[in-house]
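So the structure is just underneath, and the comments pick up after that.
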Amino acid sequence: MKFQIEDVTVYFPYDHIYPEQYAYMVELKRALDARGHCLLEMPTGTGKTIALLSLITSYTLSKPNNPVKLIYCTRTVHEMEKTLAELKLLHAYQTIHIGDRARILAVGLSSRKNLCVNSRVLAAENRDSVDASCRRLTASWVRAAAVANPNLPTCEFFEEYEKAGSNAVLPPGVYTLQDLRAYGKEKGWCPYFLARHMVQFANVVVYSYQYLLDPKVAGYISKEMQKESVVVFDEAHNIDNVCIEALSVSVRRQTLEGARRNLNKMRQEIEKFKATDAGRLRAEYNRLVEGLAQRGNLPFTDNWLSNPALPDDILKEAVPGNIRRAEHFLHVLRRLVQYLEGRLETDNVEKEGPVGFVASINTHAGIDQKTLKFCYDRLHSLMLTLEITDTDEFLHIQTICDFATLVGTYTRGFSIIIEPFDERMPHIPDPVLQLSCHDASLAIKPVFDRFQSVVITSGTLSPIDLYPRLLNFHPVVSRSFTMSLTRDCICPMVLTRGSDQLPVSTKFDMRSDLGVVRNYGRLLLEMASVVPDGIVCFFVSYSYMDGIVNSWNENGILKEIMQHKLVFIETQDVVETTLALDNYRKACDCGRGAIFFSVARGKVAEGIDFDRHYGRLVIMFGVPFQYTLSKILLARLEYLRDTFQIKEGDFLTFDALRQAAQCVGRVIRSKADYGMMIFADKRYSRHDKRSKLPGWILSHLRDAHLNLSTDMALHIAREFLRKMAQPYDRAGGSGRKTLLSQEDVEKMGDGILNEMQY
Amino acid sequence: MNNGNGRRLNGETEEDDDDEGSEGDLDAWERTYADERSWESLQEDESGLLRPVDNTTLYHAQYRRRIRSLSSQATTARIQKGLIRYLYIVVDLSRAAAEMDYRPSRMAVVAKHVEAFIREFFDQNPLSQLGLVTIKDGIAHCLTDLGGSPESHVKALMGKLECSGESSLQNALDLVHGYLNQIPSYGHREVLILYSALSTCDPGDILETIQKCKKSKMRCSVIGLSAEIFICKHLCQETGGSYSVAMDESHFKELILEHAPPPPAIAEFAIANLIKMGFPQRAAESSIAICSCHKEAKVGGGYTCPRCKARVCELPTECRICGLTLISSPHLARSYHHLFPIVPFDEVSPSVLNDPHNRLPRSCFGCQQSFPNPGNKPSLRVACPKCKQHFCLDCDIYIHESLHNCPGCESFRHSKSPIATEE
């Protein structure tokens, strides 16, 4: 359908549109007009992605003189493919309506592992080794050597791509990763380098968060994006954590040992070069005198991760004299590693600010701040000079230099925490030194500064006013939309008591209480007997899950549950979990019924959907607070309080509730679906906790469902399931319009918009 | 039919008596809590006030949807209906059937309505046969073989009402498939599963069994008693049956009776086929003969097979001796209306009702009762698309489900009545 939003003609590839999608588009359009950033919350299953894509592409079409580029960031490769598939549909629709004018180029970009078509390279098992084996075939010196000696292996796809030169372009169209690979195979061009090249020219780019947020990657991928771009972060409820991870480094004993090995290897290389090709080292020295790393001039294939610090903070100066010579630099690194090893030997937990840490490095190891700051670039330059292609083996020394550069560059918003052992397992020594970033706004600031509009959107962004504070920006629009439903297809409940009327909670002093454990067990058992097909349970942590499942096993509850449904458990092992999930789905499909035990903040809670019969009920056992004794969390809380005036309690509750909402949101993926959600903890009935749930859950949480015991919940569940099993009328006959046709949209005034917002 | 209704009523009262007896040791207040559940008959309206549950419009809406879906099937092709049906009723007697959310238990409720259904089934499908299968402890048992006598089925079912163990859909389907595969090709193979459990414990891959059923043209329908189960829905979709879940006892009754009228024929069966049938004569009152079905000497009554002269007690049936299908001509006649159903009535839209210029009849053409409260909320009414007469909802249901004639059209056809010509 085609309709008008103010001055923009929107092409929407479906015949009907949900009212909330329309409202979403209107708000988005306002943000684009104002050239500002915006924050939009809309429940999953309402077609966020297509609304976004169709508005932004239509917006570009309506302003041909000033086209905006769309940069769409997703969390996973799977989501990337889904987004591109939607875009393909949309593009086909637009082409039918306006012909050639709709022509766009849209590419997805991912790591070499997902894009490579060279079978020899793909044989490597993980991402880093795929990168390294690609480099082994395509680095400039390898190719130069191959010209002289044709027996050296090179990558035929890359050679073809190079040969095609400036002719190697993608024709307009929408390319998913699979399309790119197919196209690359057909033409004999390397899809990875082709895609990286085309990113600059494409109208729509879809890639992962890291390509914009992690300065190491963003430095060479996203450098040349124009300012007139719209950046979309989809599923962005955890964006602050992504930002923080991008600037955090942790060093363990293995890292230091690896770094030592790397240093030895480099020393041997240097010796070798000294004997055979001393001129090369001298040339590097001269270059360093003039100024560092003319990265722009480097061949396409040689650069890898760039500086971990943010672009504005990198010094444009010559490298300090004491590390210009390769041997000297190695000495400095060796001293640094030694110093870090000494720090790891401690028996106590230590916490330090970057300033103090740098000062102590200076006194003990004699390395000053400026030297530290240049470590990363100096290492990079040295590795190029030494023509090292096995970058995956040198990850350890890279981590150390990462750390050095960050600690030398930033004085605020970071802290260094040394823990001799994991708090939860004090008998196993596992010293770790962490440089943790506390300020999510650091990593995202360049993105806000550089681009015209940044859209942050997700199904759960509540409370919506906290995100601007955490990320330190000023949105021009920040809205939360509800879901329009023909029937009440979600049924959230807060369960505070067991059938014996005793309160249940995972509060620390109550969680090991036998009564609570038994009540939780009875709850699950009773629910298993009335809910068909799949049930998903989320626990607050792995250790808690292990404990409670153990005691259920001991008092026989687990066995009783197994009479109704099979039980599957998420573990920390990815392969095992995937297998468990597969079997869980099978059990749901064949009617046996199954229960999946999972952990909030785990892989399953973030990325796996339990829609339709795969999840008719989700039970959230307890409030998934972070481990509050963690030193890193405490440091971050302190920083948030001092810098952004966010109270510790507020932040912890916010974080726990967004995780809980994320978990329960897994069960409902479309409007035709239905599901129940049980929040099993007495603390959910308190207003300060509950009010932080997203609006679309709160609006279905009736007052009568706020303080239930197991038997009451059981009764509600029975009724709900019966009601939902009745034939479903899609269009919504009873007055509430949930699907708008073209005429409806044209007729509609602003009335409906106000209805949709909170 | 009268006889059947009477018996059903008797059955109900008897069971109620039983309840009183078994629950007699409860105190009065306990009984209200456990039995009557008075709170369930109340509901909250928009302003938070309590109201008695008003389900009539809801039920009528459901009924309309059903009629419409039936007729939409009918219009797409010239409908052929399978009048000779071979139906197996599978009753789930697993542990879940003992649950008390239907009173006194799911099992008892199911049995009660299966009894009613069996009578209604033979009433509407005199040429068809029916058998009973139960699932208990994960195993399917055949309770009665295919047969035409309602009494024997009912007796067999009532004698076996106890439940235990798991439920297995696959075992039941396998068993029924084995029986139904042998019946002649002109018969329609149907399974109606009354499923209490929420899961199925199967020895093998149930999806394969479903494909097997699909291949041998078994139409499987399921009525669930508690919630929607994916595998049942899948089964019904694959085999062309219907899947429904009962809200409460009366809804369950409605759902099960929906299966009494014959479903549209599957295309492969829709070839004309000649079937040999016998129309036996009723024996003289005083004659004495040994009947072939019970092996007993009986005085009077009974019928004589026209081919082998054996005596049978009831019609319709299959002759035990020569295997001839025996029916009487009224049976054939009763099946007639399924082939020529009356069209569904149109709902009169509220805009027409509110239009003051349009004078509408004030009373139902069927029962002559005036339409209730036309003031604040226009009452629901329907109109026959042919004769344009208006009917109330009760008459609508009565005309379509029992009468099978539109009174408006009939009176219009016989004499140009003054009411009809006014329009």
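Proteins come first, then strands; the chains are lettered A, B, ... in the order of their sequence lines, and each starts at number 1.
- To the nearest 0.5 Å, the span separating CD on B/Glu208 from SG on A/Cys590 amounts to 12.0 Å.
- Of the two parts of A/Tyr674, only the side chain, counted from C-beta on, holds a non-hydrogen atom closer than 4.5 Å to a non-hydrogen atom of chain B.
- Contact of B/Asp202 with chain A is made through the side chain alone, with heavy-atom distances under 4.5 Å.
- Rounded to the nearest 0.5 Å, atoms NE2 (A/His613) and CD (B/Glu228) are 10.0 Å apart.
- Only the side chain of B/Glu99 has a heavy atom closer than 4.5 Å to any heavy atom of chain A.
- When each of B/Cys201, B/Gly224, B/Ala197, B/Ser167 is scored by its heavy-atom pairs under 4.5 Å with chain A, the top score falls to B/Cys201.
- Within 6.0 Å of atom NZ in A/Lys586, 12 or fewer heavy atoms from other residues, nucleotides or ligands are found, so the atom counts as exposed in its surroundings.
- Going from atom CG of A/Asp533 over to atom SG of B/Cys232 covers 8.5 Å, rounded to the nearest 0.5 Å.
- Only the side chain of B/Ile206 comes within less than 4.5 Å of a heavy atom in chain A; its backbone stays farther off.
- Using a 4.5 Å cut-off between heavy atoms, B/Ile210 does not touch chain A at all.
- Here the side chains of B/Met247 and A/Gln726 are in contact, with some heavy-atom distance below 4.5 Å.
- Your options are A/Gly591, A/Gly593, A/Ala725, and the one with the most heavy-atom pairs under 4.5 Å with chain B is A/Gly591.
- Looking only at distances, a side-chain donor or acceptor of A/Arg722 sits under 3.5 Å from a matching main-chain atom of B/Ala246.
- Heavy atoms closer than 4.5 Å to chain A are found in both the backbone and the side chain of B/Ser226.
- For B/Leu198 against A/Ser529, the heavy-atom pair with the smallest separation is CD1-O, 3.3 Å.
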